[in-house]
Amino acid sequence: MAGAGDGDDEVQWCFSQVKGAFDDDIAEADIISTVEFSHSGELLATGDKGGRVVIFQQDPESKSQPLCRGQYNVYSTFQSHEPEFDYLKSLEIEEKINKIRWLPQKNAAQFLLSTNDKTIKLWKISERDKRPEGYNLKEDDGRYRDPSSVTALRVPVFQPMDLMVEASPRRVFANAHTYHINSISVNSDNETYLSADDLRINLWHLEITDRSFNIVDIKPANMEELTEVITAAEFHPHQCNTFVYSSSKGTIRLCDMRASALCDQHSKLFEEQEDPSRRSFFSEIISSISDVKFSHSGRYMMTRDYLSVKIWDLNMESRPVETYQVHEYLRSKLCSLYENDCILMRCVHEYLRSKLCSLYENDCIFDKFECCWSGDDSVVMTGSYNNFFRMFERGGRQDVTLEASREVSQPLMVLKPRRVCAGGKRRKDEVGVDSLDFSRKILHTTWHPHDNIIAVATTNNLYIFQDKC
Amino acid sequence: MLGRGVKRKRGVQEAQPVGGVDAADPNSASGVSYLQQRQLVLSLCLDKLQGCQIVQGCQIRTEPSLHRSVLLVNTLRQIQEEMRQEGEESMTLTAAAALAATGPLPAPPATPLPQIISLACGAQASLPPSPPQDLFDLSGLDSVSSLLTCPGCSEEEEEEEAELEVSLVSSAFASSATSTPLLTPGDPASSPDGRPSHSFHSLLGSFELVNSPGYLSDLALDDIFEDIDTSMYDASDVSSILALGSSRAASLASPLSGLDDGELKVGASCPSSATLQLCFSEVSDLDHIMEVLVGS
């Protein structure tokens, strides 16, 4: 994958589509906060900071398409969450969608779970392409007829109409989380799901909204003793009793719900011993795991920390089986990434107080990158800065850096591998570390479950790439 | 990274061999750059933790991220622990302890003075639209000294509404020959307090959601003050501070009685500005030392 056009069976990624405007001035509400393909891959959902969910649907394949796969077009848009106010703490609750997870399809309708910091909602997305006409007691526009004026009876029939896609909230799971929800995960039993915040994990039944079971609680009796928080959690794809959760200290715990009701005792603890020669002030911060994902097979799991992606075999707790460096060249820049916003804050404070909020969120070292598996678990992908994203072939064979940029936004344009120059002489086409744009980052990526189609979210644009066919 | 405000030139950076002496590399053989970086990280930590307040002063009223706060607090603890150990080591090495703050620092080891400020991340009630200016005077490293002044106290009339409280925790680690523990006026020879600071309880405590409605009634006023470290003060100073503090606590309790977070503990413990002025007559000395540290 290192060079385009190397071998015949090398995957070459081409631009397919981009969603969202290319404005220079980005509205905060348009910032994409989560992306997820459905189980069939036909639907692609995005959530944004404004609490909206946009679902794209893939067109059926047709030979007239320039690309051999259908394009994704807007299928449904709805406001999932609204901003709320917590009166107890006098704090706003953001409407930003933290995660979307699709339920496996059981009937004609589609269901997804979307969550903000405090509340999870189950949405039903259904199509309507027929309309009943010919009621006896109602006019077609809905007005009721006077019963005395009905002289004959007719049988109402369904008439075709323009396709309408409706999204309706079927369940609201609220008031179960004191801290900010960072993950939701649907169980393989299709009846339950978990939601995780900084200190607790709750188990819900999809039908029951007024109570949930707490299955993990790491809150210390005395908050001043708190040193570790939960950063992500996921159910095993096949074993409905197994889930994992990751922590800010770089550990992953695998728990078995058959062992006890409260899974504070882990069944397995995955942790790699730190290399003492690399210890720095930032060691703990960069070891914090931002995402954990099981492979489709269920045999492996992948974790993302600030600088690397690690693949763990569930049978081996002592260390990962594979480690891939995403942007190791940033290791020497950790101090400035940590400092990044402070200097800005100080200057801006003097002149432009109102901009502080967006700059405040800018401390790069706390960025939470996600990661994802390809459908066959042979490749993993994660994002980086400068709108770069990285793909690693399993077995350590090859890796590539690609860019989601406006320049490559014509259909069929092949993405050229990018290189970052970490030091020394910079070659042509390489990007120097100091030229990287840290405000353009790819945090959210998702891979089609069966096909080589990927969706990559920059700040407010969604890029869809596919392999050349 | 030589320190804030000092940019490394690009040419210098590129000229450095990979893996060689790099000011940003904490494993660098040079002790001076390590300490400077540590001081930088320390002040950054404080800035970031305090940043919650600035942002909230700008009326962004969402809860700060617990994840981020925990990571920052852990970093601070790590640095604190390191400095404490260094302080203990240098105590055993230099039997005759402190001199008054004098001239420029000699060559390393220079242990800077961390005044670890415990910050209440103002999580409850609505905040005053314009926070007191001196809390946010962050120009250069003098910011640390200006953070010592309690904002709620310098504006007496806003006391009852000032939910942003800064309670000072006196963890002074330095007792090296070149620096003075600033919180002991007239007692430079006192040993540093080796106890880990309790300064973070109010920050992480602000994330506590207390469910019982009877919280305030259960709270003994003494409990509010038991975690103030008073070993650095003379007994007479202590009693005057506590007397003033408890009277403020009483006056604060009623308007804030609807709220039952750990914030109240911190807010009530802040003594009046007059007392602070008394205690921190050495602030100007701190300024001087900080300038020296930055300059070296």
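Proteins get letters first, then strands, A, B, ... in listed order; numbering begins at 1 in each.
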Below 4.5 Å, heavy-atom pairs only: which of A:Asp197, A:Ile230, A:Asp198 has the largest tally toward chain B? A:Asp198
Can you give me the closest heavy-atom contact between A:Ser288 and B:His67, atom names plus distance? OG-NE2, 2.9 Å
Tell me whether A:Phe213 at atom CZ has more than 12 heavy atoms from other residues, nucleotides or ligands lying less than 6.0 Å away. no
Any chance you could measure B:Glu63, atom CD, to A:Lys89, atom NZ, to the nearest 0.5 Å? 3.5 Å
Can you say whether A:Lys96 sits under 4.5 Å from chain B via the side chain, the backbone, both, or neither, judging by heavy atoms? neither
Correct closest heavy-atom pair for B:Arg77 and A:Glu224 would be NH2-O, 2.7 Å
Quick one, B:Leu66 and A:Leu199 - any side-chain contact, counting heavy atoms below 4.5 Å? yes
Between A:Thr231 and chain B, which part of the residue has a heavy atom less than 4.5 Å away: side chain, backbone, both or neither? side chain
Closest contact, heavy atoms only, B:Thr75 versus A:Phe281: CG2-O, 3.8 Å
To the nearest 0.5 Å, what is the distance between CG on B:Leu71 and OG on A:Ser287? 8.0 Å
CG of A:Asn175: more than 12 outside heavy atoms within 6.0 angstrom? no
